[in-house]
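First comes the structure, then the notes that go with it.
Quick note on labels: first sequence line is chain A, next is B, and so on, each numbered from 1. Computed from a predicted structure; not experimentally measured.
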Protein chains: 2
Amino acid sequence: MASAQTSSPAHPGPGLGLRERKKIQTRQAIRRAAYRLFEKQGYDATPVDQIAEAADVSPSTVFRYFPTKEDIVLTDEYDPVMEAAVRARPAEESPVEAIRHGVREALQHIIDTDIVELRQRTKLVREVPALRGRSAEGQAESAVMLCGVLAERTGRPEDDLEVRVVIAAVLGAMQEAMMHWVDRGQTEDLAGLIDRTLDVLGRGLTL
Amino acid sequence: MASAQTSSPAHPGPGLGLRERKKIQTRQAIRRAAYRLFEKQGYDATPVDQIAEAADVSPSTVFRYFPTKEDIVLTDEYDPVMEAAVRARPAEESPVEAIRHGVREALQHIIDTDIVELRQRTKLVREVPALRGRSAEGQAESAVMLCGVLAERTGRPEDDLEVRVVIAAVLGAMQEAMMHWVDRGQTEDLAGLIDRTLDVLGRGLTL
DNA sequence: ATGTCAAGTGACAGTAACTCTCAAAAGGTG
DNA sequence: CACCTTTTGAGAGTTACTGTCACTTGACAT
């Protein structure tokens with residue numbers, strides 16, 4: 001029971017005020033409680049009220065942090081990471097390769113830092129229809145972002161049909177790799193699977 | 001006002017009993033009422049109760065015909081058409097080409113018979129997030145079906161990663177073509193757009 | 001025709017995911 | 001310590017659904 005946060009009110013340790021720290025704590029508490037309950041009794045069988053109780057906050061607060069129950073599972077910050085990684089690729093690289101490498105790097109980063117959550121989340125997405133649908137929505141947002149990047153690199157317009165198809169194919173392939181991964185108990189090498197799927201695209205869908 | 005359905009109770013005209021005919025009528029009535037209201041005041045702003053009232057049935061009945069509000073828009077019978085079309089392709093044809101042609105034929109058939117509904121539906125799917133998500137779900141079902149067909153043709157297992165990627169890419173490309181189509185006011189040639197997207201895939205995502 | 005059975009319908013009650021509003025509590029600041 | 005802003009919880013309301021049950025209405029045999 002040693003005091004973690006002591007009296008000194010002058011400067012909050014990590015540059016964040018108490019308020020901000022509490023927000024992060026609450027967010028985590030809700031998430032953790034939710035994941036634990038989902039694990040134990042399933043997503044659909046877990047009402048938000050119960051999550052609130054387990055996280056020791058009011059239901060209103062849960063909805064303040066996560067606009068929908070689905071968001072408790074799906075909210076992430078991967079897009080900026082991916083965008084940065086793709087933009088950081090050398091300009092000489094072909095656009096498709098840039099995306100390929102950028103996306104792979106971003107995923108590798110996630111694997112290295114967040115593998116536990118990635119596993120739980122991917123499993124839930126695979127199993128719960130409502131989450132699958134919502135996840136596709138999120139993917140569409142990533143697609144818009146990547147279309148922007150690819151459009152810049154190629155000088156094509158953002159809403160160019162071909163650009164969109166390239167992005168949709170790449171993201172779809174990655175998604176398939178992830179689903180395959182959970183189907184096999186998340187034992188295989190995810191990055192390797194992703195390479196296999198992207199190879200199929202590079203070969204023009206040859207089998 | 002010549003009597004359409006007269007007394008003869010022996011054999012119902014089109015092979016369907018009165019019961020079946022009424023069911024179809026009710027289904028159509030609900031759908032039409034819904035589309036009309038969605039058009040006028042938007043999807044989210046239209047409660048199911050109002051649709052029920054407009055279609056002159058009880059809310060319970062609406063849910064009996066369509067398990068969710070989204071299904072009123074999204075329920076279709078395209079999958080069997082697509083499956084049949086793909087299976088009908090000659091065995092010598094490369095699997096990817098078979099899917100390409102089958103899917104295109106199916107779509108052409110839909111365009112020829114149902115273009116009005118296709119337009120309304122696609123527009124709604126584009127605009128309403130809830131429908132986008134649910135539609136992606138439906139696409140996943142089509143994907144499972146097509147994976148089965150492609151697996152048969154290639155002798156690969158149904159859950160083969162490469163097979164899944166091929167299907168995901170093709171369906172994703174078609175989806176992009178459709179979205180592009182509505183974005184441009186549904187004036188361009190849809191089949192032509194689809195060809196362009198599938199060409200991108202065949203070229204290995206070359207731009 | 002008519003009685004019987006099965007299918008379809010509507011009224012009603014209940015659950016759960018949100019949404020909105022407002023007052024109390026807690027953090028930040030001079 | 002007093003003041004102001006942000007965050008929280010309580011409560012009421014909406015809407016998409018689910019389940020039950022009694023009632024109606026086609027179907028079909030007699």
**Item:** Close residues, residues 31-48 of chain A, relative to DNA chain C [heavy-atom separation under 4.0 Å]
**Value:** A:Thr46, A:Pro47, A:Val48
**Asked** What's the CZ-C1' distance between B:Arg21 and D:dT25, to the nearest Å?
**Response** 14 Å
**Request:** Just jot down the side-chain contact (heavy atoms from CB on, under 4.5 Å) partners of B:Gln108, sequence neighbours excluded, or say none.
**Result:** B:Ile111, B:Asp112, B:Ala191
**Asked** Do any side-chain nitrogens or oxygens of A:Lys23 fall under 4.0 Å of OP1 or OP2 in D:dT7?
**Response** yes
**For A:Arg119, side-chain contact (heavy atoms from CB on, under 4.5 Å) partners two or more places apart** = A:Ile115, A:Trp181, A:Gln186
**Prompt:** To the nearest Å, how far apart are A:Leu18 CG and D:dT8 P?
**Reply:** 11 Å
**Message:** How many whole angstroms separate atom CD of B:Glu20 from atom P of D:dG26?
**Reply:** 13 Å
**Request:** Determine, for A:Asp159 against B:Arg184, whether the closest basic-nitrogen to carboxylate-oxygen distance falls under 4.0 angstrom.
**Result:** yes
**Item:** B:Arg134/B:Asp71 salt bridge by N-O under 4.0 Å criterion
**Value:** yes
**Fill in**
Separation of C:dG28 atom P from A:Arg19 atom CZ, nearest Å, is 6 Å
**Message:** Under the rule for ring-ring contact (aromatic ring centres under 6.0 Å, His included), what residues qualify as partners of A:Phe66, not counting sequence neighbours?
**Reply:** none
**Message:** Please enumerate all residues that pass side-chain contact (heavy atoms from CB on, under 4.5 Å) together with A:Arg87, with sequence neighbours excluded.
**Reply:** A:Glu83, A:Val149, A:Glu152
**Prompt:** Rounded to whole angstrom units, what separation is found between the NZ atom of B:Lys22 and the C1' atom of D:dT24?
**Reply:** 10 Å
**Asked** Once you round it to whole Å, what is the distance between C1' of D:dT7 and CD1 of A:Ile24?
**Response** 15 Å
**Message:** If the condition is ring-ring contact (aromatic ring centres under 6.0 Å, His included), which residues does B:Phe38 pass it with, not counting sequence neighbours?
**Reply:** B:Tyr43
**Item:** For A:Val62, all residues meeting side-chain contact (heavy atoms from CB on, under 4.5 Å), sequence neighbours excluded
**Value:** A:Ile30, A:Val48, A:Ala52, A:Val57, A:Ile72
**Message:** Can you list, in residue-number order, the parts of residues 54-77 of chain B that come under 4.0 Å of DNA chain D, counting heavy atoms only?
**Reply:** B:Phe63, B:Pro67, B:Thr68, B:Lys69
**Asked** Quick one: A:Gln25 CD to D:dT7 C1', roughly how many Å, whole number?
**Response** 14 Å
**Message:** The criterion is salt bridge (charged side-chain N to carboxylate O under 4.0 Å, His left out); which residues satisfy it with B:Asp183, sequence neighbours excluded?
**Reply:** B:Arg126
**Item:** Nearest-angstrom distance from the residue atom CG of B:Asp49 to P of C:dC12
**Value:** 13 Å
